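A quick write-up on the structure given underneath.
Note that the coordinates shown come from a computational prediction; the quantities given were computed from them, not determined experimentally. Position 1 is the first residue of the sequence, and the numbers go up from there.
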Amino acid sequence: EDQQKGVEMGTHAKYTSSWCNWLVWLEHIGADDPYLQSLTQPQRIRILCAFLYALRRGDFNPTGDSIKGETAEKTINHVAATIVSSGGEDPRLDKSGNKSLLLSRQLQSYKKVDPKTKHQKAIPPEVYRFILRRAVTPRAKALAELLCFALFFACRSCEYTKTQRADEKQTRPIRPCDIEFRLNGKRIPHDHPQLHKADYVIVTFGPQKVDLHRDEAIPQQATDDAELNPVWHAATTIRRLMSYPDYDPKWHIHIYYDTNKERFSDIRSYEVLDTIKAAVTTIGYDILGFTADDVGTHSNR
């Protein structure tokens with residue numbers, strides 16, 4: 001997911017990059033069979049272990065620094081998946097069809113000495129309340145509503161904001177037409193005057209990184225909280241979008257229209273990141289028990 005202003009690589013690009021590194025490395029060692037079909041299973045495993053070592057050493061890292069075992073393993077998995085999808089045999093497996101013990105031990109040895117992954121802290125409700133209360137400008141209010149709406153559905157940043165290299169991602173951002181409201185058991189239209197008083201809001205998620213969740217409808221019930229209510233946040237977002245010129249229900253919900261400049265733009269993930277970090281910094285470590293360095297867009301998920 002996008003946690004800073006840097007370039008975010010989509011899933012397809014990661015597979016492509018892994019395969020390109022594999023081809024470069026094979027050429028370096030004088031091998032001309034990228035699918036390894038002319039080799040025996042033990043030979044395939046040893047070739048893969050050698051490639052894993054090159055990855056770990058940082059041979060393909062622009063900075064030349066070594067990379068974490070987990071990152072190297074993902075590259076190996078990408079290469080194996082490409083070979084299998086082309087009709088070849090999985091080079092990670094031994095004759096019994098199990099993952100090679102040699103490969104597993106090599107990966108384990110890397111992971112044992114790697115520093116532990118620093119997970120982003122979950123942020124408590126008071127941070128969201130703070131963001132909602134401090135939102136003064138129309139754009140800040142739109143962002144706060146999006147953030148709180150996304151909280152209830154544990155959204156990835158790419159599902160409700162514009163992220164870097166979004167064209168390469170498999171996940172489709174939420175659209176107004178993906179959001180449904182139900183009042184007294186009946187579906188109500190988006191222009192219904194009681195939209196914000198619906199009993200449920202249901203989001204149907206489009207294409208995902210994991211195909212199992214494609215077209216999955218997720219409901220959330222309205223709460224009795226005075227500030228944090230998924231129905232309110234969804235209704236406010238829908239009404240904001242419907243107020244824009246030439247409104248289209250297939251717009252992504254991160255679209256924003258500046259009435260003063262009469263210009264459309266996108267609410268971006270780094271704006272959400274900056275908002276979360278600023279709120280955590282202002283509230284302070286003494287109250288929260290963590291700092292802005294411990295949070296990110298994934299904290300919302």
Quick check: does any side chain N or O of Gln220 sit under 3.5 Å from a backbone N or O of Pro230, one acting as donor and the other as acceptor?
-> no
For Gln43, does the CD atom have more than 12 heavy-atom neighbours from other residues, nucleotides or ligands under 6.0 Å away?
-> yes
Is the Trp251 to Tyr257 ring centre distance short of 6.0 Å?
-> no
Between Asn229 (side chain) and Thr223 (backbone), is there a donor-acceptor pair under 3.5 Å?
-> yes
Please lay out, stage by stage, how Ile188 and Lys197 fare under the test side-chain contact (heavy atoms from CB on, under 4.5 Å).
-> CA-CA 11 Å; Ile188 58 175; Lys197 294 185 178 181; over 6 Å; no
Would you please name every residue forming a side chain to side chain donor-acceptor pair (under 3.5 Å) with Tyr110, sequence neighbours left out?
-> Gln106
Are the ring centres of Trp19 and Tyr35 closer than 6.0 Å?
-> yes
For Asp94 and Ser100, indicate whether the former's side chain and the latter's backbone hold a donor-acceptor pair under 3.5 Å.
-> no
In terms of the angle between their ring planes, are Trp22 and Phe51 parallel, tilted or perpendicular, with boundaries placed at 30° and 60°?
-> perpendicular
CZ/Arg134: more than 12 non-hydrogen atoms of other groups inside 6.0 Å | no
Hey, mind stepping through Phe149 and Ile238 against side-chain contact (heavy atoms from CB on, under 4.5 Å) and telling me if it holds?
-> CA-CA 11 Å; Phe149 164 73; Ile238 291 294; over 6 Å; no
In sequence, state the C-alpha distance, the side-chain angles, and the governing distance for Arg133 and Glu227, and then conclude on side-chain contact (heavy atoms from CB on, under 4.5 Å).
-> CA-CA 9 Å; Arg133 295 167 188 170; Glu227 292 176 302; 2.8 Å; yes
Scan residues 47-57 for pairs that pass salt bridge (Lys or Arg N to Asp or Glu O under 4.0 Å), counting only residues two or more places apart or in two chains.
-> Arg56-Asp114, Arg57-Asp59
Beyond-backbone contact of Tyr160 with Asn300, side-chain heavy atoms, under 4.5 angstrom = yes
